[in-house]
Amino acid sequence: MPTCVPTHTADPNRPERAHPPHSPPHSPPPDRPRRLRIAGADLSAAVAVFLIALPLSLGIALATGAPLQAGLVAAAVGGIVAGRIGGCPLQVSGPAAGLTVVTADLIQQYGWRTTCAITVLAGLAQIGLGCLRVARGALAVSPAIVHGMLAGIGVTIAVAQVHIVLGGTPQSSVPDNLRALPAQLANVDPAAVAVSVLTLTLLLLWPKLPGRAGRLLRTVPAALVAVAGATATAAAAGLVLAEVDLPSWRSHALAGLPEGPVLGLVAAVLTTTLVCSVQSLLGAVAVDKLVARRPGSGHVPRSDLDRELLGQGAANIASGCLGGLPVAGVAVRSSANVRAGAVSRNSTMLHGALVVVAALLMVPVLELIPLASLAALVMAVGIQMVSLHHIRTVTRHREALVYAATAVGVVFAGVLEGVALGIAVAVGVALHRLTHTRITHEVKEEVHHVDVRGQLTFLAVPRLSRALHLVPQGATGVVALDGSFMDHAAYEALQDWQNTHTARGGAVEITGRRPGAGVRLAEPEALISSPTTEGTDGTGVPSGAGCRCRPWTAWRNHQCELPLSAPDDDRSDHDNRGTGDTGDAAGRQDGHYGRSSRPGTGDGPSDTDTGMDTDTGTGPGTGSASPAGSVSGAGGPKASRTGTDLVRGLSTFQRSTAPLVRGELARLAREGQRPTQLFLTCADSRLVTSMITSSGPGDLFVVRNVGNLVPPPGEESGDDSVAAALEYAVEVLAVRSITVCGHSGCGAMQVLLDPRPDGTPSARTPLERWLRHGLPSLKRVRDGSGPGVRLAGRAPADTAEQLCLTNVVQQLEHLRAHASVARALKDGLLTLHGLYFHVGEAQAYLLIETAAERVFDRVRAEDLAL
């Protein structure tokens with residue numbers, strides 16, 4: 001979203017001084033220094049990040065073979081310099097595990113002082129890239145390559161640290177470490193192994209401490225607890241181990257002039273720049289997502305990626321000059337900073353200052369840490385870099401080969417070589433997908449099917465023509481296009497064949513890959529803007545003719561129908577499909593109980609507007625009994641169309657949707673349902689719960705009834721279905737929230753507003769007996785009893801809408817009267833929500849309750865705090 005930037009941009013962290021209107025701003029006296037204000041949240045977040053950064057910085061320095069002070073220098077510079085200049089306020093920079101392999105190779109090949117010089121040059125390169133404003137371009141690197149690079153680095157780190165964990169010394173490469181591992185296993189140091197196992201045990205178990213005391217203890221970072229516990233145990237047991245050695249700062253080595261072959265140095269600078277930049281930019285994007293999901297984060301600005309490159313470059317220049325490791329954004333520390341509640345860049349800067357204090361004053365304590373404990377910590381970090389989530393993601397997107405090639409290349413050849421190999425494989429996979437198209441022809445029940453899998457380009461036109469000419473003249477042909485791209489040559493070949501085949505008496509149907517989507521070849525734009533429904537309506541004519549479905553309603557299972565050339569009665573039936581053709585008991589015709597209106601008028605949107613086919617919905621509009629007891633459409637053409645739509649919908653699901661959801665549904669079948677919400681709403685066919693809540697299988701436990709009613713406990717209604725669902729959801733499924741959702745144009749509310757002509761209540765039919773549970777809502781509207789209920793920004797359109805709103809509030813009160821709900825509310829295990837969905841506006845309104853009134857307000861981004 002574009003934003004306007006003033007010419008003189010103020011510091012967002014500087015507190016603004018209020019002054020009276022039309023008067024000059026008040027400025028402090030020149031002799032009074034302005035005090036630095038640090039929010040309490042920033043202070044606590046800085047301490048939390050510092051406690052994580054301290055052991056990790058020492059461990060990463062150990063893994064690279066650099067002086068251990070270099071890790072502390074990089075952590076301090078990353079916090080202060082990158083935190084102050086960078087474009088992502090809450091990202092924490094420092095020595096990163098992703099740079100371990102690169103730095104270790106540089107130290108071994110060029111020495112420490114030249115490595116520091118390479119870090120300085122990489123920082124200059126980052127500043128140049130930031131000035132060129134190419135930060136967004138760095139994000140164009142395939143995620144499979146980035147994740148593969150990090151996985152390869154993680155494997156390299158873990159294999160190297162195994163030797164230190166066992167009490168030995170790592171080799172220079174993964175193959176050398178693997179070859180030396182049997183000899184190392186034969187000479188295990190029991191003390192080093194014991195300390196390492198203790199470190200890993202504390203690291204794994206500390207975040208899982210149960211109970212209230214566990215929640216309190218988990219505020220201390222697991223990395224600090226693991227290293228401190230192992231150090232204390234080793235000291236108490238008197239174990240003889242190699243420990244941290246921090247030489248005097250007077251002998252600390254600084255950067256020197258780079259020495260070595262020019263091409264090698266250039267490659268080293270490019271590698272360091274690439275890894276630092278990509279990791280920092282991806283980290284900044286991830287931090288933005290974490291901040292956006294955090295309640296009350298509106299005042300934290302989004303990342304400026306070009307400025308972030310400038311900040312990272314400045315930090316690398318400073319770190320290299322001061323003898324520190326290369327600096328990049330670190331995911332672990334950044335996520336901890338966000339979770340701890342940091343609100344500005346002061347937290348990252350303060351964490352860097354704390355590292356400086358520790359490096360100067362805590363040297364005797366740091367020198368007690370066993371190297372085996374730090375090695376175990378870094379080994380765990382390396383293992384975590386091989387993320388199963390990332391592997392599943394790239395596999396789902398058919399990029400596992402790119403991921404594997406990059407990871408293997410990094411492990412056995414190096415970071416730059418592995419990334420280059422990953423890019424080459426990614427380009428090859430893209431070309432293969434573009435050029436490799438599978439075209440098959442088969443005959444099923446005298447219908448010729450031509451399936452095209454892959455992108456349809458000019459290279460595939462000869463094979464497509466051969467397959468199309470296998471369809472005899474006068475036969476019915478179905479061409480299924482399973483791809484997202486078709487060039488002009490393929491389009492013309494397909495169109496010419498279709499025109500020729502239909503001119504000779506044949507029938508052609510062209511379908512797309514999505515459920516309910518096909519392709520019309522009347523004009524090129526139709527390839528993307530006019531999807532049709534698969535199959536025919538039984539007349540031999542494609543059912544997509546004349547379809548006006550919209551491509552932005554991807555959730556729908558719209559069943560397009562042909563423009564009817566039948567008599568006026570049939571056409572009227574088409575215009576009113578799904579709305580019923582009979583009134584209710586009081587003679588009123590409503591959108592849910594038989595309202596007769598043309599699509600697009602009244603409260604409810606048209607089928608075209610929403611993409612919904614209400615023939616498949618719930619209620620009398622489907623040809624079932626109306627409230628008055630009459631049945632419409634039974635055994636007629638409409639009933640046959642409905643049956644065809646059901647079979648077509650099931651067929652489309654099995655062919656197109658089932659393969660995509662089978663894995664998730666299989667997991668739910670194994671693990672059972674674990675919904676977090678009970679969603680109680682009306683049976684109206686226009687309310688699609690999964691659509692308005694953006695939920696999927698296993699998310700919602702849904703109860704639907706006429707009028708979204710909740711009978712109070714003890715009612716002799718003869719129907720305990722709602723109470724049973726409440727008890728099961730709260731007691732067995734342990735849902736955390738219950739939502740009562742009403743909607744506009746509810747036919748149940750219309751029936752309540754239209755009593756019998758003699759004004760007496762009646763309970764002759766099941767519907768009338770059921771609707772008596774809505775009488776308290778009606779009484780509340782007519783008597784004006786209780787706090788008022790209204791919509792934010794406007795008054796209810798009429799008495800019917802007022803009753804719909806009041807009914808939601810009344811049913812929430814009925815909910816609170818049920819014993820299972822009352823117990824869960826008392827224990828703080830459950831929350832209740834009221835929701836009103838205006839069908840015509842496609843707008844959800846969330847209930848906000850105060851002592852004075854009940855207001856339904858529009859759902860906004862800040863409501864994510866709920």
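- Closest non-hydrogen pair, G422 versus V402, comes out as O-CG1, 3.7 Å.
- A side-chain donor-acceptor contact under 3.5 Å links H351 to the backbone of T348.
- Between L54 and the options L366, I369, L224, L354, a side chain to side chain contact (heavy atoms under 4.5 Å, CB included) holds for only L366.
- When all heavy atoms of P95 and V330 are compared, the pair lying nearest together is O-CG2, 3.9 Å.
- Contact of the P221 side chain with the R333 side chain is not registered, since no non-hydrogen atoms from C-beta on lie closer than 4.5 Å.
- The shortest heavy-atom contact between L241 and A234 is CD1-CB, 4.3 Å.
- For the pair H163 and L181, the minimum side-chain heavy-atom distance is below 4.5 Å.
- The main-chain N or O of G86 is found under 3.5 Å from a side-chain atom of R345 such that the two form a donor-acceptor pair.
- Listed by chain and residue number, nothing satisfies the ring pair (Phe, Tyr, Trp, His ring centres under 6.0 Å) test with H397 (two or more places apart in sequence, or in another chain).
- Residues that satisfy the side-chain hydrogen bond (donor to acceptor under 3.5 Å, both in side chains) test with S347, not counting sequence neighbours, are N337.
- For S280 (side chain) and G329 (main-chain N/O), a donor-acceptor pair under 3.5 Å exists by modelled atom type.
- Pairing each heavy atom of L200 with each of A380, the nearest pair is CD2-CB, 4.0 Å.
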Open item on the list: Using the rule given for side-chain contact (heavy atoms from CB on, under 4.5 Å), can you reason through L388 versus R392, listing the C-alpha separation, both sets of side-chain angles and the distance that settles it, and then say yes or no?
Closed with: CA-CA 6 Å; L388 294 179; R392 286 193 294 265; 3.9 Å; yes
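- Here E243 contributes atom CD and L374 contributes atom CG; the two are 10.5 Å apart, rounded to the nearest 0.5 Å.
- Applying the side-chain contact (heavy atoms from CB on, under 4.5 Å) criterion to S196, with sequence neighbours excluded, gives V165, A372, A376.
- Side-chain contact between L377 and P55 is present, with heavy atoms from C-beta onward closer than 4.5 Å.
- Here the closest heavy-atom approach between residue V220 and residue W206 is recorded as O-NE1, 3.0 Å.
- Residues forming a ring pair (Phe, Tyr, Trp, His ring centres under 6.0 Å) with H390 (at least two apart in sequence, or on another chain): H147.
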Open item on the list: Checking T395 against Y403 for the side-chain contact (heavy atoms from CB on, under 4.5 Å) test, could you report, in this order, the C-alpha distance in whole Å, the side-chain angles of both residues, the deciding distance, and whether it holds?
Closed with: CA-CA 9 Å; T395 302; Y403 178 94; over 6 Å; no
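- Taken from OG1 in T231 to CD in E367, the straight-line distance is 12.5 Å, to the nearest 0.5 Å.
- The shortest distance between side-chain heavy atoms of N177 and V162 does not fall below 4.5 Å.
- Put simply, the side chain of T100 gets close to the backbone of A97: a donor and an acceptor are under 3.5 Å apart.
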Task: Steps toward side-chain contact (heavy atoms from CB on, under 4.5 Å) verdict (L129, T273) - done: CA-CA 10 Å; L129 293 176; T273 303; 4.0 Å; yes
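- Looking only at side-chain heavy atoms (C-beta outward), V195 and L239 come within less than 4.5 Å of each other.
- Between L209 and L205, every side-chain heavy-atom pair lies at or beyond the 4.5 Å cut-off.
- Distance CG/L368 to OG/S373: 12.0 Å, rounded to 0.5 Å.
- Counting non-hydrogen atoms of other residues, nucleotides and ligands closer than 6.0 Å to CG of L361 gives a total above 12.
- Judged as a side-chain contact (heavy atoms from CB on, under 4.5 Å), and not counting sequence neighbours, the contacts of V197 are V193, T201.
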Side-chain donor/acceptor pairs under 3.5 Å, residues 310-325, sequence neighbours excluded:
{"residue": "Q312", "atom": "NE2", "partner": "S93", "partner atom": "OG", "Å": "2.7"}
{"residue": "Q312", "atom": "NE2", "partner": "E308", "partner atom": "OE2", "Å": "2.7"}
{"residue": "N316", "atom": "OD1", "partner": "V327", "partner atom": "N", "Å": "2.6"}
{"residue": "N316", "atom": "ND2", "partner": "Q126", "partner atom": "OE1", "Å": "2.7"}
{"residue": "N316", "atom": "ND2", "partner": "Q312", "partner atom": "O", "Å": "3.2"}
{"residue": "N316", "atom": "ND2", "partner": "V327", "partner atom": "O", "Å": "3.2"}
{"residue": "S319", "atom": "OG", "partner": "L325", "partner atom": "O", "Å": "2.7"}

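- The number of heavy-atom neighbours closer than 6.0 Å to CZ of R667, taken from other residues, nucleotides and ligands shown, is above 12.
- Annotation: the span from H432 atom NE2 to L401 atom CG amounts to 10.5 Å, rounded to 0.5 Å.
- Between the R133 side chain and the D306 main chain, no donor and acceptor come within less than 3.5 Å of each other.
- In this structure, CG in L204 is found 10.5 Å from OG1 in T199, a value given to the nearest 0.5 Å.
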Open item on the list: Before you tell me yes or no, could you show the steps for L106 and T272 under side-chain contact (heavy atoms from CB on, under 4.5 Å), namely the whole-Å CA-CA distance, both residues' side-chain angles and the distance that decides it to 0.1 Å?
Closed with: CA-CA 10 Å; L106 295 179; T272 306; 3.7 Å; yes
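- For the residue pair F412 and P175, the shortest heavy atom distance occurs at CD2-CG, 3.7 Å.
- Other residues, nucleotides and ligands contribute more than 12 heavy atoms inside 6.0 Å of the CG atom of L431.
- Side-chain contact between L202 and L198: present, with at least one pair of heavy atoms (C-beta onward) separated by less than 4.5 Å.
- You'll find the side chain of E664 reaches within 4.5 Å of the side chain of L668, heavy atoms only.
- The CG atom of L56 lies 12.0 Å from the CG atom of L62; values are rounded to the nearest 0.5 Å.
- Around CZ of R438, the count of heavy atoms belonging to other residues, nucleotides or ligands within 6.0 Å does not exceed 12.
- In this structure, the side chain of W112 does not engage the main chain of G65 through any donor-acceptor pair within 3.5 Å.
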